[in-house]
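Since the structure comes first, as structure tokens, the remarks are kept for the end.
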Amino acid sequence: MDIKTELKKALVKELNLEDITPAEIEDNEPLFGEGLGLDSLDAVVIVVLVQRHFGVEITDMDEGKKAFESINTLAAFIEENRTDHA
Amino acid sequence: MSQNRSWSSRSIGSRLQHHIFYTLIRFGGRNAAYVLLFFVVLWYTIRPSIRARSTAYISRRFPRATGREQFFHCFHLQMELGKTLVDRATAGILRAFEITGRAEDDDTLIRLHAEGNGVILLSGHVGCWQMAAMGLTVVNAPVHVLLLREQGDVDRHYFEHRSQKIPVSIIDPLGYLGGTLEMMAALAKGDLLCTMGDRVLGNDTNTVAVPFMGGTIRVPVSPYRLASATGAPIVVTFALRTGPGRARHEIAKIIRVPQGLGKQHAAYLPYALEFAAALEGITRKAPYQFFNFYDLWEKQRK
């Protein structure tokens, strides 16, 4: 399973997104505000999710800001920072 | 139900009034400022619009007070706030301020910090809350403070009177994602994070309703969700003013929020209830050090 698909599945599950399926999430759709409509507290879950599922910590504010734009940017961030590329 | 913020952290004084106080402190010391403060507070307390800001709290804290007694309580409350602000300015200008902690509280904080998940110091607008971070030197760790700076506010924090580097890291709650990423990063590094649990910024979306002083108020769930996500313990602490230029940290409660509680706010209610109980306890202990000058309480539905 590629990172984007895994991410989408994890988001729907961990954030209890009831009105949307992983397949319906667009790769370029903004995660916060308009778009997927997540809020600041959902970001808490995503930080943990990224750490738990992919072993990647988001500790730099500027990097995190860029990574949190969309599935595409988050997947790229994970790809860049994960230690096991299996 | 959403509602706009019903409070403001902006000072009601003008820039000139603040500078008069700062100058008086610089040349006459803290006590000279207290003398001027008495007359300023009396002037403000006479004004019904100023008294109205504390009516909701005073009528709950002193339900049997007559009109005259309410005036006295309001004056006392405003005076205590004024002294706290004078002390804060004195801390910055003359570096004359002492904040201590009970030995057992210091030990608790050191022990919790050693767990390595960071520590969330959860407080309220009580006593010397703006200088509470000064007293956290017992733990050798960076301190981050979630601090709202209103546009155009002329009131200075103690560290803004000094030209040296700010001793704490400020996180802006109006910043990207409410400062969430910075808070998570701070806790991931094992740092101390100071935040407030008694005011809601924005609408009611991320809040829960808790009983407080015979009514219901809404408090943010963010501290509890952060704790659940990171494993950081929550230390409910208040910095009570104990005298001129003096304050004492008191740990009122340690809250452990289990991990994996999910997204539903109701899951965090038990922990918000613990905070509300601690906050109510402090209003009984120090009734004139509760500085929320607006009506916190939800209106009862008919």
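Below, read A as the first sequence line, B as the second, and so on, with proteins coming before strands; counting in each chain starts at 1.
- No more than 12 heavy-atom neighbours from other residues, nucleotides or ligands sit within 6.0 angstrom of NZ on A:Lys9.
- Among A:Val45, A:Leu41, A:Val44, A:Asn16, the one residue that satisfies the side-chain contact (heavy atoms from CB on, under 4.5 Å) test with B:Lys263 is A:Asn16.
- Within the model, atoms OG of A:Ser40 and CZ of B:Arg225 stand 8.5 Å from one another, a figure rounded to the nearest 0.5 Å.
- Distance check: B:Leu177 CG to A:Phe68 CZ gives 7.0 Å after rounding to the nearest 0.5 Å.
- Taken from CZ in A:Arg52 to CD in B:Gln259, the straight-line distance is 8.0 Å, to the nearest 0.5 Å.
- Of the residues considered (B:Ala186, B:Ser222, B:Ala188, B:Gly179), B:Ser222 shows the highest number of contacts with chain A, using heavy-atom pairs under 4.5 Å.
- The number of heavy atoms from other shown groups lying within 6.0 Å of CG (A:Asp2) is above 12.
- Interatomic distance, CE of B:Met184 versus CD of A:Gln51, reported as 7.5 Å (0.5 Å rounding).
- Atom CD of B:Gln264 has 12 or fewer heavy atoms from other residues, nucleotides or ligands within 6.0 Å.
- Within a 6.0 Å sphere centred on CD of B:Glu115, other residues, nucleotides and ligands contribute more than 12 heavy atoms.
- In this structure, A:Ala43 and B:Thr180 approach most closely via the heavy-atom pair CB-CG2, 4.1 Å.
- Most heavy-atom pairs under 4.5 Å with chain B, from the set A:Leu15, A:Ile58, A:Leu38, A:Ile46: that is A:Leu15.
- Summarising the geometry, atom CG belonging to B:Leu181 is positioned 11.5 Å from atom CD belonging to A:Glu63; distances are rounded to the nearest 0.5 Å.
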